[in-house]
Amino acid sequence: MFPYPSGDLHMGHAEIFTIHDALVRHLRMTGHRVLNPIGWDAFGLPAENAARQRGADPKAWTYANIDEQWRTIVRLGYSFDWDTVLRTCDPEYYRWTQWVFLELFEAGLAYRREALVNWDPVDNTVLANEQVIDGRGERSGALVQRIPRTQWFFRITRYADELLDGLDTIDWPERVKNAQRAWIGRSEGAEVTFTTADDGTEVVVYTTRPDTLYGATYFVFAPEHPLVVERMAGDAEYDAFRDEVSRRSDIERLSGFGDDEAEAAAGAKRAKRGMRLAFDMVNPVDGRRLPAYAADYVLTDYGTGAIMAVPAHDQRDLDFARQEGIDVRVVISPDDGTVLDAATMTEAYAGDGTTVNSGPYDGQPWQETKRRITADLEAQGTGRATVNYRLRDWLISRQRSWGAPIPIVHCPTCGEVPVPRDELPVRLPDDLDFSVAGSPLDLHPTFKHDVVCPACGSDEATRDVDTMDTFVDSSWYFLRYLDPTSEEHAWPVEAASHWLPIEQYTGGVEHAILHLLYSRFFVKALRDLGHVAADEPFARLLNQGQVIMGGKAMSKSLGNLVAPKEVYERYGADTLRATMLFASAPEDDIDWADVSPTGMHKWLSRVWRLTLEHLARIEASGVPGDEDEDRALALRRATAAMVDAAGREYAARKYNTALARMMELTNTLNDVLRTGEAAGVERAVGEALRALLLVLAPIAPFLTEELWGRLGEDGSIHDRRFPDADPGLLVRDTIEVPVQVNGKLRGRVVVAPGTAKDALEAAARAEVAAHLTGDVVKVIVVPDRMVNLVVKG
RNA sequence: GCGGGCGUAUCCCAAUCGGCAGAGGAAGGGGACUUAAAAUCCUCCCAGUGUGGGUUCGAGUCCCACCGCCCGCACCA
């Protein structure tokens, strides 16, 4: 994932880029052609806030940060392709963001409507559902308010099913896929049409349990439901109730469970608030009258904003029914023989059971009732099977001015008119005044009004003054990398079909929903519009862990921040890189309090010293002469084993254990040099060092390059092939096989690899004869691995 | 409450298909070198794998229950 330039690179960036760079360098060394671009997600609020607070020019501010990050990226040796750099805030880029918007608009995937939206009173903008965490704005932390407002949406819900099913086709961490599944929230049920008791007005509800229809004893509307608003117009009590619910949803709902924190911690249930309405509803299956309520626990924007309430089998309904003294009616009898008492039960029963009290459906398993009732409703025209989703359309309007303007002109006669493609980009003015109280774009002297309708030429027309969510910018940037400077097209369709899906995508798990869901939607939509062939943007995802400090997130306010700069200025870039990779597997968090750049620096210095000492010896004694064959062979075997093992560790992206194998070899090298004349093994030492440097090159590019040159090798080490182990050196003459008696280790035998089972067993019996005090009743022989003799008596 | 993940030495962290619990690092003790310190080198110390069951010839690894921690989601009908 590309970085946001809020300042210099932080440890999180260093972590993601280090992992990614080791991976990419290894791929290059194993003969892959790698496209490894970099860019900046350069629109966004911090630039605008800097402008507001310090009078900075957001563009200059952003570019200065990009320059700083760039220098750090170079300093840390990240091998990005420098000729594909892009910045989403450049008009040359956002021109095409606007183009993508128009493509979606014309396909009916971008639309404008009024809705209850999330208003962030601190950042002064609306937010998408995905950007509201626990009722607070993701960035600002402010309590979000629900207000009605006309805004632009992307119709991501059209792809809900495909977004869900596609998860089965991609190699992503399970937790990210689960998060997306939960977010999409598909459920299967039925829509059932109820009617008002007085004039038969139809009201549709969504339920996942149509089999419990006979158990409905009341009916609930969301307080904002249009029918309620209409029917209760002028009712002061209702107005007060609605007001209170709105306030609650802004404060109490968000702060948890009311004022009592102890109660909140214990997970106490939130009291539901409801009001009896002035009319009744009629149950379509049996004609019974159901009292109608408005209550805060029914949401306006899920399902149809109205429910049938079945207290016996839904806990929320039961809580409300007990509170209001409403009847409870049991329609499912538990299979385990428990008898539910409608008068006294306090826990709704949602398990398996047999249908009762439901007229013609009695006596069947509930699943069967569900099928039959749904079919019967359908036949009568009072219901149908449906699928429902938790996912809502993506709200993309932002009342901010450091973003891509929405390329639409509003005309009193023509409505929403797209800006013609050849007039793109709709540029942000350079002279935005950030000292104003509202949106600088809205209040700019000419931006809004200095326009005519592209369709009819009317000068009454105005520009849309909102910008797009910055997640729009980042939902397609990977396509732009394929031809980042083109003025002809957003990206080359043919190349896009070759390079997508991206084989390896690396980034933080904080984007589990946001960026990773939006990008998937974009690719699917753009595919349907013929702009790309792939179904998914990212075939394989690696979520690197977080860098923390002493168990807590690093942050300025906690004063536990360690900047990459501190580390690389003291120890160098290679040490920083290797420290991060050695600390843990890429997926795991790194606690900086636990890691030791000093220790890593010591080891890299050891590699350096071993190489220089080797060179000094060669210089002193000339070309190595005859070898000490046993010690040389042992070293060559150790080298081959390291190359073989490290290669596999690299392939599995386990750089921590790859480094451990390299350290092992330096230990061996040290031992070999200590136990005899260096002259006897000098050639093998040279081979070992060269292999070591090659294997280390993706992790420590600077040190290895320097030593490679000093060893007299031509060209860059980074253009060399990753070494392969000599298979002949991996084969051992003898191996040690543990011998167990009754599962306990009692001895070892040394045999040739591949020794036949019976020969191995014989050797094993001889070895542990002293322990075979009874009859051997069972023998387990795993060739080359172990022998277990089971003795009885 | 639901879903996912993790508990191995003082600490970080390894351990192919279930097959010798220790690869690597850090910290600590002792020693060599040094006028001394740093660096370097040598050496020692250190767990039976959160708890309790089960399967198996054999369990850190598989199954069940529980404890602890972390991360999602959560009035979604």
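Each chain gets a letter, A, B and so on, in the order the sequences are listed, and its residues count up from 1. Only heavy atoms go into these numbers, but all of them, side chains included; no hydrogens, no water, no symmetry mates.
With C1' as the reference atom, A27(B) and U34(B) are 25 Å apart, rounded to whole Å. Between G24(B) and U8(B), the two C1' atoms lie 15 Å apart (nearest whole Å). The separation of C17(B) from G60(B), taken at their P atoms, amounts to 16 Å, rounded to a whole angstrom.
Asp589(A) comes within contact range of no nucleotide atom at all, as no heavy-atom separation falls under 4.0 Å. Among the atoms of the strands shown, none is found under 4.0 Å from any heavy atom of Arg181(A). Among the atoms of the strands shown, base atoms are found under 4.0 Å from some heavy atom of Arg392(A). Across all strands shown, Tyr389(A) has no heavy atoms under 4.0 Å from either base or sugar-phosphate atoms. Among the protein residues, Val298(A) comes within range of the nucleic acid bases, having at least one heavy atom under 4.0 Å from a base atom. Heavy atoms of Ala645(A) sit nowhere under 4.0 angstrom from any nucleic acid atom. Across all strands, Glu174(A) comes closer than 4.0 Å to no nucleic acid atom at all (heavy-atom distances). When heavy atoms are screened at a 4.0 angstrom cut-off, Met786(A) is found touching base atoms of the nucleic acid. Contact annotation for Lys602(A): backbone-only contact, meaning every heavy-atom pair under 4.0 Å involves sugar-phosphate atoms and none involves a base. Arg661(A) comes within 4.0 angstrom of no nucleic acid atom, judged by non-hydrogen atoms across all strands. Residue-level contact check: Ala182(A) touches neither bases nor backbone, having no heavy atom under 4.0 Å from any strand. Within 4.0 Å of Asp317(A), counting heavy atoms only, lies no atom of the nucleic acid at all.
Ion pairing of Arg674(A) with Asp671(A) is present here, as a side-chain N (NZ or NE/NH1/NH2) and a carboxylate O approach within less than 4.0 Å. Salt bridge annotation for Arg384(A)-Glu191(A): present, with a cationic side-chain nitrogen under 4.0 angstrom from a carboxylate oxygen. Ion pair Arg392(A)/Asp301(A) flagged as a salt bridge, since at least one NZ, NE, NH1 or NH2 atom sits closer than 4.0 Å to an Asp/Glu carboxylate oxygen. Salt bridge Glu174(A)/Arg181(A): present, at least one basic N to carboxylate O contact under 4.0 Å. One finds a salt bridge joining Arg765(A) and Glu761(A) here, because a Lys/Arg side-chain nitrogen approaches an Asp/Glu carboxylate oxygen to under 4.0 Å.
G54(B) adopts an anti glycosidic conformation, its chi angle falling more than 90° from 0. Regarding the sugar-base torsion, C71(B) falls in the anti class, its angle being beyond 90° of 0.
You'll find that the side chain of Tyr302(A) is closest to A77(B), out of G3(B), A77(B), G24(B). Of the candidates A77(B), G24(B), A14(B), A14(B) carries the atom nearest the Asn656(A) side chain, counting heavy atoms from C-beta on. The Arg390(A) side chain lies nearest to C76(B) when the options are C76(B), C13(B), A77(B). For Arg609(A), the listed nucleotide lying nearest its side chain is C41(B); candidates were G25(B), G3(B), C41(B). Which of C57(B), A77(B), U16(B) sits closest to the side chain of Arg785(A) comes down to U16(B). Distances from the side chain of Thr208(A) to the nucleotides A77(B), G19(B), A14(B) place A77(B) closest. Side chain of Ala585(A), nearest nucleotide from A77(B), G19(B), A14(B): A14(B).
Residue Lys654(A) places none of its side-chain N or O atoms closer than 4.0 Å to OP1 or OP2 of U16(B). OP1 and OP2 of U40(B) both lie 4.0 Å or more from every side-chain N or O belonging to Arg606(A).
From Met600(A), atom CE reaches atom CD1 of Ile699(A) across 8.0 Å, with rounding to the nearest 0.5 Å.
No N or O donor and acceptor, one from the side chain of Lys778(A) and one from the base of C57(B), sit under 3.5 Å apart. With hydrogens and angles ignored, a donor-acceptor pair under 3.5 angstrom links the side chain of Asn788(A) to the base of C57(B).
Stacking of Lys272(A) on the aromatic ring of Tyr297(A) is recorded, both the 6.0 Å distance cut-off and the 45° axial limit being met.
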